[in-house]
Amino acid sequence: TGHDWGYGVEDGPSLWHQNYPIAKGSRQSPIDILPQTASHDPSLGPIALKYDQCTSINIANNGHSVVVEFEDSDDRSVIQGGPLDNPYRLKQFHFHWGGKGCRGSEHTVEGHSYASELHLVHWNAVKYETFGEAATAPDGLAVLGIFLETGDDHRWLHTITDALYMVKFKGSVTNFKSFNPKCLLPSSLHYWTYLGSLTTPPLHESVTWIVLKEPIAVSEKQMSKFRMLLFTGEEEDQRMRMENNFRPPQPLKGRKVRSSN
Ligand SMILES: NS(=O)(=O)c1c2ccccc2cc2ccccc12
Ligand SMILES: [Zn+2]
């Protein structure tokens, strides 16, 4: 029912289990990734991202993150290969980030967190009729995670950060056509993969996670533009800056993390 969870003291990740008991489940995300422990699996092929015909529709502030939605009525943009048995359709991408100069990624690598993390959300349209149905199936979703670290300006991220002022408030949405997220990929597609969940309520355990090893660089100035977004709506008098919208790492509970190489 509307706003029953968030990232604050009253409604943050440590309290989500009250309304979403699966928060204490056996395949929750994110996790801390230990590269030495990840088993190199030679049977794991490369992932293929076929985004050339992708059609972005809009960019929106959903009160938890900023989300770019895609047209997913056909297989025009998919991720396939790697641990995936089918092509999975690109549905949306969004970000998680920290406060000024702080860390904000969800996955961590040997305890190290990055400034931000980009999630490209895909669903298994071969096996399931709708995104909603896929979101509750153990092999329904595939999320590609990309770490963002602060450094040089990212030449293509401007297209996104320049649009953020249009979606400052929760519930705002605006046109966002012909953006191809291929421009946000690092040079290497080497990855870690494991079975996990959504990192936000309803925390469905339906995600095959594919986390790229190589981060992309974005400037502190670009990161600061994400922080001008608000968790709150235009009509609310209490303005809350959108930052630290990340869930901390969850127990591995015996899961294996595999490495592409
Ligand atoms: N952080 S997340 O990728 O788990 C996630 C989703 C994952 C799968 C399906 C839908 C999702 C929607 C999200 C919306 C906002 C933030 C994270 C979200
Ligand atoms: Zn996410």
Side-chain angles (χ1 to χ4, degrees), residues 2-8 11-13 16 20 22-23 25 27-31 33 56-70 72 77-79 84 88-98 103-108 113-125 127-148 160 164 167 170-173 176 181 184 191-212 215-216 226 229-231 242-250:
H3 178 87
D4 65 342
W5 65 273
Y7 294 95
D11 60 5
W16 291 351
Y20 305 93
I22 200 166
R27 58 173 277 192
Q28 289 290 295
S29 293
I31 59 168
I33 297 167
S56 62
I57 303 166
N58 61 35
I59 186 166
N61 176 336
N62 68 3
H64 307 296
S65 181
V66 57
V67 189
V68 174
E69 293 269 351
F70 287 81
D72 63 343
S77 45
V78 297
I79 183 173
L84 305 173
Y88 284 60
R89 268 183 209 169
L90 178 63
K91 169 80 177 157
Q92 53 103 314
F93 70 76
H94 62 270
F95 298 82
H96 304 264
W97 60 91
R103 302 310 190 167
S105 67
E106 298 214 294
H107 291 90
T108 55
S113 56
Y114 289 86
S116 174
E117 189 171 333
L118 161 60
H119 289 158
L120 293 127
V121 176
H122 311 74
W123 62 284
N124 186 341
K127 280 186 73 174
Y128 306 103
E129 290 293 298
T130 65
F131 175 80
E133 191 192 337
T136 59
D139 61 350
L141 302 177
V143 182
L144 182 68
I146 301 174
F147 293 121
L148 279 66
I160 293 175
L164 297 181
V167 288
K170 171 182 174 183
S172 49
V173 56
F176 196 69
L184 298 176
Y191 61 88
W192 295 291
T193 184
Y194 75 99
L195 298 181
S197 71
L198 276 68
T199 66
T200 60
L203 300 168
H204 294 314
E205 297 186 328
S206 57
V207 181
T208 297
W209 278 95
I210 298 168
V211 180
L212 296 187
I216 61 170
F226 283 91
L229 296 167
L230 299 177
F231 281 126
M242 188 179 277
E243 56 187 28
N244 298 307
N245 57 346
F246 63 91
R247 189 191 193 190
Q250 301 301 309

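In each ligand, atom 1 is the first atom listed, and ligand 1 is the first ligand listed. Along the sequence shown, the residues carry numbers beginning at 1.
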Colleague: Which bit of Val121 gets closer than 4.0 Å to ligand 1, counting heavy atoms only: side chain, backbone, both or neither?
Modeller: side chain

Colleague: Under a 3.5 Å cutoff, is there a donor and acceptor pairing between the side chains of Asp72 and Trp123?
Modeller: yes

Colleague: Using distance alone, with no hydrogens and no angle criterion, decide if His96 and Glu106 have a side-chain donor and acceptor under 3.5 Å apart.
Modeller: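 Per modelled atom types, His96 and Glu106 side chains form a pair under 3.5 Å.
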
Colleague: For atom 13 (C) of ligand 1, find the nearest protein heavy atom and state the residue, atom name and distance (0.1 Å precision).
Modeller: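 Going atom by atom, the protein heavy atom closest to atom 13 (C) of ligand 1 ends up being Gln92 NE2, 3.7 Å.
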
Colleague: How close does the nearest protein non-hydrogen atom get to atom 3 (O) of ligand 1, and which residue and atom is it?
Modeller: His94 CE1, 3.2 Å

Colleague: Which atoms of the protein, restricted to N, O or S, are nearer than 2.8 Å to the Zn ion (ligand 2)?
Modeller: His94 NE2, His96 NE2, His119 ND1

Colleague: In terms of relative ring orientation, are Trp209 and Tyr194 parallel, tilted or perpendicular, with 30° and 60° separating the classes?
Modeller: parallel

Colleague: Out of all atoms in ligand 1, which are within 4.0 Å of some heavy atom of Leu141? Include the element for each.
Modeller: 8 (C), 9 (C)

Colleague: Quick one: look up the protein heavy atom nearest atom 4 (O) of ligand 1 and list residue, atom name and how far away it is.
Modeller: Thr199 N, 2.8 Å

Colleague: Quick one: are the ring centres of Phe95 and Phe226 less than 6.0 Å apart?
Modeller: yes

Colleague: Could I get the full list of ring-ring contact (aromatic ring centres under 6.0 Å, His included) partners for Tyr128, not counting sequence neighbours?
Modeller: none

Colleague: Give the atom numbers and elements of ligand 1 that come within less than 4.0 Å of a heavy atom of Thr200.
Modeller: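 Numbered from 1, ligand 1 contributes 16 (C), 17 (C), 18 (C).
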
